[in-house]
Student: 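Just dropping this structure here.
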Protein chains: 2
Amino acid sequence: MDDQITATFAALADPTRRAILARLALGESSVTEIAAPFEMSMPAISRHLKVLEKAGLISRGREAQWRPCKLKAEPLKQAADWLDEYRRFWEESFDRLDEYLKTLQIKEKRDAGKNNGNGNKRR
Amino acid sequence: MDDQITATFAALADPTRRAILARLALGESSVTEIAAPFEMSMPAISRHLKVLEKAGLISRGREAQWRPCKLKAEPLKQAADWLDEYRRFWEESFDRLDEYLKTLQIKEKRDAGKNNGNGNKRR
DNA sequence: TTCTTATTTAACGTTATGGTTATTTAACTT
DNA sequence: AAGTTAAATAACCATAACGTTAAATAAGAA
(Lines give C-alpha, C1' and ligand atoms only; values in the text may rest on other atoms or scores of the structure.)
Protein backbone atom coordinates (compact mmCIF):
# COMPACT_ATOMS: atom_id res chain seq x y z
CA MET A 1 0.00 0.00 0.00
CA ASP A 2 1.66 3.09 -1.23
CA ASP A 3 1.47 5.87 1.28
CA GLN A 4 -2.01 6.86 2.34
CA ILE A 5 -1.67 10.48 1.31
CA THR A 6 -0.26 9.47 -2.05
CA ALA A 7 -3.29 7.28 -2.63
CA THR A 8 -5.58 10.10 -1.55
CA PHE A 9 -4.07 12.71 -3.85
CA ALA A 10 -3.97 10.21 -6.70
CA ALA A 11 -7.63 9.43 -6.16
CA LEU A 12 -8.49 13.12 -6.18
CA ALA A 13 -6.54 13.72 -9.37
CA ASP A 14 -9.42 12.58 -11.52
CA PRO A 15 -12.50 14.69 -12.30
CA THR A 16 -14.80 11.68 -12.42
CA ARG A 17 -13.74 10.57 -8.98
CA ARG A 18 -14.10 14.06 -7.57
CA ALA A 19 -17.57 14.22 -9.07
CA ILE A 20 -18.40 10.90 -7.44
CA LEU A 21 -17.31 12.25 -4.09
CA ALA A 22 -19.42 15.34 -4.64
CA ARG A 23 -22.37 13.08 -5.37
CA LEU A 24 -21.73 11.04 -2.26
CA ALA A 25 -21.60 14.20 -0.22
CA LEU A 26 -25.33 14.34 -0.83
CA GLY A 27 -25.79 10.90 0.63
CA GLU A 28 -25.19 7.21 0.21
CA SER A 29 -25.74 5.90 -3.25
CA SER A 30 -25.67 2.71 -5.28
CA VAL A 31 -23.21 2.13 -8.09
CA THR A 32 -25.88 2.50 -10.77
CA GLU A 33 -27.06 5.78 -9.28
CA ILE A 34 -23.49 7.00 -9.13
CA ALA A 35 -22.85 5.96 -12.72
CA ALA A 36 -25.98 7.55 -14.16
CA PRO A 37 -24.67 11.10 -14.77
CA PHE A 38 -21.54 9.90 -16.54
CA GLU A 39 -21.11 8.99 -20.16
CA MET A 40 -19.01 6.11 -19.19
CA SER A 41 -19.49 2.38 -18.93
CA MET A 42 -20.38 0.76 -15.63
CA PRO A 43 -17.08 -1.12 -15.33
CA ALA A 44 -15.23 2.17 -15.64
CA ILE A 45 -17.23 3.59 -12.74
CA SER A 46 -16.72 0.39 -10.82
CA ARG A 47 -13.00 0.80 -11.15
CA HIS A 48 -13.12 4.41 -10.06
CA LEU A 49 -15.01 3.27 -7.00
CA LYS A 50 -12.33 0.72 -6.35
CA VAL A 51 -9.69 3.41 -6.45
CA LEU A 52 -11.72 5.52 -4.04
CA GLU A 53 -12.22 2.55 -1.76
CA LYS A 54 -8.55 1.65 -1.74
CA ALA A 55 -7.77 5.24 -0.82
CA GLY A 56 -10.27 4.93 2.03
CA LEU A 57 -12.42 7.68 0.58
CA ILE A 58 -15.52 5.54 0.40
CA SER A 59 -16.81 2.44 2.06
CA ARG A 60 -19.15 -0.07 0.51
CA GLY A 61 -21.89 -2.03 2.14
CA ARG A 62 -24.20 -4.69 0.89
CA GLU A 63 -27.94 -4.32 0.69
CA ALA A 64 -29.46 -7.12 -1.38
CA GLN A 65 -27.90 -6.77 -4.82
CA TRP A 66 -26.90 -3.18 -4.25
CA ARG A 67 -23.56 -1.99 -2.98
CA PRO A 68 -24.25 1.35 -1.34
CA CYS A 69 -21.25 3.66 -1.35
CA LYS A 70 -20.61 6.07 1.43
CA LEU A 71 -18.21 8.95 1.69
CA LYS A 72 -15.38 8.57 4.18
CA ALA A 73 -13.76 11.88 4.85
CA GLU A 74 -10.83 10.94 7.06
CA PRO A 75 -8.32 10.82 4.20
CA LEU A 76 -9.59 14.20 3.06
CA LYS A 77 -8.80 15.54 6.49
CA GLN A 78 -5.29 14.14 6.19
CA ALA A 79 -4.87 15.82 2.84
CA ALA A 80 -6.22 19.07 4.23
CA ASP A 81 -3.78 18.84 7.13
CA TRP A 82 -0.92 18.29 4.72
CA LEU A 83 -1.91 21.32 2.69
CA ASP A 84 -2.30 23.36 5.83
CA GLU A 85 1.45 23.17 6.35
CA TYR A 86 1.74 25.44 3.33
CA ARG A 87 -0.98 27.83 4.32
CA ARG A 88 1.47 30.51 5.37
CA PHE A 89 2.81 30.58 1.83
CA TRP A 90 -0.40 31.61 0.25
CA GLU A 91 -1.31 33.87 3.12
CA GLU A 92 2.18 35.33 3.24
CA SER A 93 2.16 36.16 -0.40
CA PHE A 94 -1.02 38.14 0.00
CA ASP A 95 0.49 39.91 2.97
CA ARG A 96 3.53 40.78 0.95
CA LEU A 97 1.46 41.91 -1.96
CA ASP A 98 -0.60 44.00 0.39
CA GLU A 99 2.47 45.50 1.96
CA TYR A 100 3.95 46.14 -1.41
CA LEU A 101 0.78 47.86 -2.51
CA LYS A 102 0.77 49.94 0.66
CA THR A 103 4.29 51.14 0.04
CA LEU A 104 3.25 51.91 -3.49
CA GLN A 105 0.37 54.00 -2.20
CA ILE A 106 2.65 55.83 0.18
CA LYS A 107 5.02 56.53 -2.64
CA GLU A 108 2.15 57.72 -4.72
CA LYS A 109 1.01 60.11 -2.04
CA ARG A 110 4.55 61.35 -1.63
CA ASP A 111 4.97 61.68 -5.34
CA ALA A 112 1.50 62.97 -5.95
CA GLY A 113 2.66 66.50 -6.47
CA LYS A 114 5.35 65.54 -8.94
CA ASN A 115 3.20 63.24 -10.99
CA ASN A 116 0.90 63.44 -13.91
CA GLY A 117 -1.67 61.72 -11.70
CA ASN A 118 -1.66 58.63 -13.80
CA GLY A 119 -2.67 56.53 -10.83
CA ASN A 120 -2.08 52.96 -10.13
CA LYS A 121 -5.06 50.72 -9.97
CA ARG A 122 -5.09 47.57 -7.91
CA ARG A 123 -5.61 44.51 -10.00
CA MET B 1 -10.43 25.78 -13.60
CA ASP B 2 -11.13 22.09 -13.27
CA ASP B 3 -8.02 21.16 -15.16
CA GLN B 4 -5.96 23.18 -12.75
CA ILE B 5 -7.06 21.28 -9.67
CA THR B 6 -6.59 18.00 -11.49
CA ALA B 7 -3.02 18.99 -12.30
CA THR B 8 -2.47 20.06 -8.72
CA PHE B 9 -3.71 16.84 -7.15
CA ALA B 10 -1.81 14.79 -9.73
CA ALA B 11 1.37 16.71 -8.92
CA LEU B 12 0.86 16.11 -5.21
CA ALA B 13 0.25 12.40 -5.75
CA ASP B 14 3.97 11.69 -5.81
CA PRO B 15 6.19 11.49 -2.72
CA THR B 16 9.21 12.86 -4.55
CA ARG B 17 7.31 15.92 -5.67
CA ARG B 18 5.87 16.49 -2.22
CA ALA B 19 9.38 16.24 -0.81
CA ILE B 20 10.55 18.78 -3.36
CA LEU B 21 7.83 21.16 -2.28
CA ALA B 22 8.82 20.63 1.34
CA ARG B 23 12.39 21.46 0.40
CA LEU B 24 11.30 24.60 -1.44
CA ALA B 25 9.30 25.67 1.57
CA LEU B 26 12.69 26.32 3.16
CA GLY B 27 13.65 28.62 0.33
CA GLU B 28 14.56 28.93 -3.31
CA SER B 29 16.85 26.25 -4.60
CA SER B 30 18.67 25.11 -7.72
CA VAL B 31 17.90 21.86 -9.48
CA THR B 32 21.11 20.21 -8.31
CA GLU B 33 20.43 21.18 -4.73
CA ILE B 34 16.92 19.86 -5.01
CA ALA B 35 18.13 16.62 -6.54
CA ALA B 36 20.85 15.94 -3.96
CA PRO B 37 18.77 14.12 -1.30
CA PHE B 38 17.21 11.76 -3.81
CA GLU B 39 18.56 8.51 -5.13
CA MET B 40 17.35 9.37 -8.53
CA SER B 41 18.92 10.63 -11.69
CA MET B 42 18.95 14.31 -12.55
CA PRO B 43 16.64 13.94 -15.53
CA ALA B 44 14.08 12.29 -13.29
CA ILE B 45 14.15 15.28 -10.95
CA SER B 46 14.04 17.61 -13.91
CA ARG B 47 10.81 15.96 -15.03
CA HIS B 48 9.29 16.19 -11.59
CA LEU B 49 10.08 19.86 -11.61
CA LYS B 50 8.41 20.18 -14.97
CA VAL B 51 5.27 18.57 -13.57
CA LEU B 52 5.32 20.94 -10.62
CA GLU B 53 5.86 23.89 -12.93
CA LYS B 54 3.01 22.91 -15.22
CA ALA B 55 0.76 22.63 -12.19
CA GLY B 56 1.85 26.13 -11.22
CA LEU B 57 3.35 24.88 -7.97
CA ILE B 58 6.78 26.26 -8.68
CA SER B 59 8.27 28.96 -10.85
CA ARG B 60 11.71 28.91 -12.33
CA GLY B 61 14.09 31.74 -12.93
CA ARG B 62 17.45 31.96 -14.57
CA GLU B 63 20.61 32.94 -12.77
CA ALA B 64 23.69 32.22 -14.85
CA GLN B 65 23.55 28.46 -15.52
CA TRP B 66 21.29 27.80 -12.56
CA ARG B 67 17.55 27.60 -12.66
CA PRO B 68 16.37 28.54 -9.18
CA CYS B 69 13.01 27.02 -8.28
CA LYS B 70 10.55 28.78 -6.07
CA LEU B 71 7.41 27.53 -4.39
CA LYS B 72 4.13 28.94 -5.64
CA ALA B 73 1.36 28.22 -3.19
CA GLU B 74 -1.72 29.47 -5.00
CA PRO B 75 -2.67 26.06 -6.42
CA LEU B 76 -2.28 24.62 -2.95
CA LYS B 77 -4.77 27.15 -1.74
CA GLN B 78 -7.19 26.05 -4.43
CA ALA B 79 -6.76 22.45 -3.39
CA ALA B 80 -7.27 23.40 0.24
CA ASP B 81 -10.43 25.27 -0.70
CA TRP B 82 -11.72 22.25 -2.57
CA LEU B 83 -11.08 20.01 0.40
CA ASP B 84 -12.69 22.49 2.71
CA GLU B 85 -16.04 21.75 1.09
CA TYR B 86 -15.84 18.37 2.77
CA ARG B 87 -14.73 19.61 6.13
CA ARG B 88 -18.13 19.07 7.68
CA PHE B 89 -17.84 15.38 6.90
CA TRP B 90 -14.80 14.84 9.02
CA GLU B 91 -15.95 17.20 11.72
CA GLU B 92 -19.48 15.87 11.78
CA SER B 93 -18.40 12.27 12.07
CA PHE B 94 -18.62 11.98 15.82
CA ASP B 95 -21.78 14.00 16.18
CA ARG B 96 -25.14 13.39 14.70
CA LEU B 97 -24.23 11.34 11.67
CA ASP B 98 -22.34 8.74 13.59
CA GLU B 99 -25.03 8.37 16.16
CA TYR B 100 -27.62 8.07 13.48
CA LEU B 101 -25.68 5.34 11.78
CA LYS B 102 -25.27 3.50 15.05
CA THR B 103 -29.02 3.47 15.62
CA LEU B 104 -29.43 2.20 12.09
CA GLN B 105 -27.09 -0.66 12.80
CA ILE B 106 -28.99 -1.51 15.96
CA LYS B 107 -32.21 -1.59 13.94
CA GLU B 108 -30.62 -3.85 11.37
CA LYS B 109 -29.45 -6.26 14.02
CA ARG B 110 -32.90 -6.29 15.56
CA ASP B 111 -34.49 -6.98 12.17
CA ALA B 112 -32.02 -9.68 11.41
CA GLY B 113 -33.78 -11.94 13.86
CA LYS B 114 -36.91 -11.92 11.74
CA ASN B 115 -35.13 -13.75 8.96
CA ASN B 116 -35.39 -17.46 8.41
CA GLY B 117 -31.80 -17.84 9.43
CA ASN B 118 -31.01 -19.47 6.16
CA GLY B 119 -27.51 -18.23 6.28
CA ASN B 120 -26.01 -16.99 3.16
CA LYS B 121 -23.99 -19.39 1.21
CA ARG B 122 -21.52 -17.99 -1.17
CA ARG B 123 -21.07 -20.62 -3.80
C1' DT C 1 38.61 28.23 -28.36
C1' DT C 2 38.16 24.49 -25.17
C1' DC C 3 36.72 22.86 -20.64
C1' DT C 4 33.53 22.58 -16.84
C1' DT C 5 29.15 22.88 -14.60
C1' DA C 6 24.10 23.02 -14.63
C1' DT C 7 20.15 21.57 -16.69
C1' DT C 8 17.21 19.81 -20.29
C1' DT C 9 15.93 16.78 -24.02
C1' DA C 10 16.05 12.32 -26.66
C1' DA C 11 15.28 7.63 -26.85
C1' DC C 12 13.90 3.86 -24.64
C1' DG C 13 11.61 0.33 -21.35
C1' DT C 14 8.33 -0.85 -17.70
C1' DT C 15 4.38 -0.26 -15.22
C1' DA C 16 0.13 2.27 -14.14
C1' DT C 17 -4.17 4.37 -15.55
C1' DG C 18 -8.45 4.74 -17.77
C1' DG C 19 -11.36 3.26 -20.99
C1' DT C 20 -13.86 -0.45 -23.80
C1' DT C 21 -16.91 -4.97 -24.53
C1' DA C 22 -17.97 -9.57 -23.02
C1' DT C 23 -18.55 -12.56 -19.28
C1' DT C 24 -19.35 -13.83 -14.48
C1' DT C 25 -21.06 -13.48 -9.88
C1' DA C 26 -24.69 -12.36 -6.65
C1' DA C 27 -29.09 -11.66 -5.06
C1' DC C 28 -33.81 -10.92 -5.90
C1' DT C 29 -38.33 -12.20 -8.61
C1' DT C 30 -41.48 -15.23 -10.93
C1' DA D 1 -35.72 -23.48 -12.40
C1' DA D 2 -35.44 -19.63 -15.22
C1' DG D 3 -35.22 -14.76 -15.67
C1' DT D 4 -33.90 -9.91 -14.11
C1' DT D 5 -31.12 -6.59 -12.08
C1' DA D 6 -26.81 -4.93 -9.86
C1' DA D 7 -22.14 -4.99 -9.77
C1' DA D 8 -17.57 -6.94 -10.42
C1' DT D 9 -14.13 -9.18 -13.18
C1' DA D 10 -11.59 -10.66 -17.48
C1' DA D 11 -9.39 -9.58 -21.47
C1' DC D 12 -7.88 -6.21 -24.11
C1' DC D 13 -6.09 -1.64 -25.97
C1' DA D 14 -4.16 3.11 -25.95
C1' DT D 15 -1.85 6.41 -23.55
C1' DA D 16 0.43 8.52 -19.62
C1' DA D 17 3.70 8.28 -15.88
C1' DC D 18 8.21 7.40 -14.12
C1' DG D 19 12.52 5.76 -14.38
C1' DT D 20 16.99 4.93 -16.94
C1' DT D 21 21.43 6.34 -19.89
C1' DA D 22 23.32 9.12 -23.50
C1' DA D 23 23.41 13.31 -25.90
C1' DA D 24 22.35 18.24 -26.40
C1' DT D 25 22.14 22.96 -24.76
C1' DA D 26 23.47 27.06 -22.05
C1' DA D 27 26.35 29.82 -19.45
C1' DG D 28 30.80 30.74 -17.07
C1' DA D 29 35.82 29.91 -16.58
C1' DA D 30 40.47 28.97 -18.39
Side-chain angles (χ1 to χ4, degrees), chain A residues 1-3 5-21 23-24 28-55 57-70, chain B residues 2-3 5-21 23-24 28-55 57-70 108 111-112 114-123:
Chain A
M1 283 187 202
D2 199 28
D3 209 338
I5 197 133
T6 295
T8 302
F9 280 134
L12 296 179
D14 182 287
T16 303
R17 287 194 291 264
R18 289 198 305 278
I20 289 173
L21 292 182
R23 168 71 184 77
L24 291 180
E28 257 182 74
S29 193
S30 75
V31 177
T32 315
E33 285 171 336
I34 291 167
F38 299 99
E39 290 187 1
M40 198 181 290
S41 69
M42 197 67 112
I45 297 295
S46 189
R47 293 180 53 170
H48 280 305
L49 291 174
K50 195 171 225 172
V51 172
L52 290 169
E53 190 180 26
K54 274 199 174 178
L57 284 162
I58 64 169
S59 66
R60 285 194 272 190
R62 164 74 80 179
E63 214 172 294
Q65 66 256 228
W66 293 275
R67 308 295 313 271
C69 296
K70 199 179 128 194
Chain B
D2 181 68
D3 222 16
I5 198 140
T6 295
T8 302
F9 281 134
L12 296 179
D14 183 288
T16 303
R17 287 194 290 265
R18 290 198 305 277
I20 290 173
L21 292 182
R23 167 71 184 79
L24 291 179
E28 257 182 72
S29 193
S30 75
V31 177
T32 315
E33 284 171 337
I34 291 166
F38 299 100
E39 287 187 3
M40 198 181 291
S41 66
M42 197 66 113
I45 297 295
S46 188
R47 280 165 184 240
H48 281 304
L49 291 174
K50 195 173 225 173
V51 172
L52 290 170
E53 189 180 27
K54 275 199 175 177
L57 284 163
I58 64 168
S59 67
R60 285 195 272 190
R62 163 74 79 180
E63 215 172 291
Q65 66 258 226
W66 295 274
R67 309 295 312 274
C69 297
K70 200 178 129 193
E108 272 174 53
D111 292 349
K114 294 179 189 167
N115 274 347
N116 61 10
N118 220 358
N120 119 9
K121 299 176 209 168
R122 311 189 70 176
R123 263 205 87 187

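Proteins get letters first, then strands, A, B, ... in listed order; numbering begins at 1 in each.
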Student: Below the 4.0 Å mark, does C:dG19 have OP1 or OP2 next to a side-chain nitrogen or oxygen of A:S41?
Tutor: no
Student: Between A:R18 (side chain only) and A:L12 (backbone N and O only), is there a donor and an acceptor less than 3.5 Å apart?
Tutor: yes
Student: Given C:dT7, D:dA11, D:dA6, identify the nucleotide with an atom nearest to the side chain of A:R47.
Tutor: D:dA11
Student: To the nearest Å, give me how far apart CG (A:L49) and P (C:dG18) are.
Tutor: 13 Å
Student: Any side-chain N or O of B:K50 under 4.0 Å from OP1/OP2 of C:dT7?
Tutor: no
Student: Report the distance from atom CG of A:D14 to atom P of D:dA16, rounded to the nearest whole Å.
Tutor: 14 Å
Student: So, does B:H48 get its side chain near the phosphate of D:dA17, meaning an N or O under 4.0 Å from OP1 or OP2?
Tutor: no
Student: Write down the distance between CD (B:E53) and P (C:dT7), rounded to a whole number of angstrom.
Tutor: 13 Å
Student: Take atom CD of B:E39 and atom P of D:dG19, then tell me their distance rounded to the nearest Å.
Tutor: 13 Å
Student: Taking the minimum atom-to-atom distance to the side chain of A:P43, which one of D:dT9, C:dG18, D:dA6 wins?
Tutor: D:dT9
Student: Find which nucleotide of DNA chain C each of A:M40 and B:V31 is nearest to by heavy atoms, and output the residue with the more 5' nucleotide.
Tutor: B:V31
Student: Quick one: closest heavy-atom pair of A:T6 and B:A13, and the distance?
Tutor: CG2-O, 3.5 Å
Student: Could you state the NZ-P distance from A:K54 to C:dA16, rounded to the nearest angstrom?
Tutor: 11 Å
Student: Looking for any heavy atom pair under 4.0 Å, which part of the strands does A:M42 touch: base, sugar-phosphate only, or nothing?
Tutor: nothing
Student: What's the CD1-C1' distance between A:I58 and D:dA7, to the nearest Å?
Tutor: 13 Å
Student: With respect to the side chain of B:R17, which nucleotide from D:dA27, D:dC18, D:dA6 is positioned closest?
Tutor: D:dC18
Student: If you compare all heavy atoms of B:E53 against all heavy atoms of B:R60, which two are closest, and at what distance to 0.1 Å?
Tutor: OE1-NH2, 2.7 Å
Student: What nucleotide, of C:dT9, C:dA27, C:dT20, holds the atom closest to the side chain of A:Q65?
Tutor: C:dA27
Student: If I take atom CZ in residue B:F38 and atom C1' in nucleotide C:dT7, what distance separates them, rounded to the nearest angstrom?
Tutor: 17 Å
Student: Less than 4.0 angstrom between a side-chain N/O of B:R60 and OP1 or OP2 of C:dT8, yes or no?
Tutor: yes
Student: Starting at CH2 of A:W66 and ending at P of D:dA8, how long is that distance when rounded to a whole Å?
Tutor: 14 Å
Student: Tell me the closest heavy-atom pair linking A:G61 and A:R67, and the distance in Å.
Tutor: O-NE, 2.8 Å
Student: Is it true that a side-chain atom of B:D14 and a backbone atom of B:R17 form a donor plus acceptor pair closer than 3.5 Å?
Tutor: yes
Student: Please confirm whether the shortest side-chain N or O distance from B:R67 to OP1 or OP2 of D:dA26 is below 4.0 Å.
Tutor: no
Student: Would you mind telling me which residue lines up with the more 5' stretch of DNA chain D, B:A44 or A:S46, judged by nearest nucleotide?
Tutor: A:S46
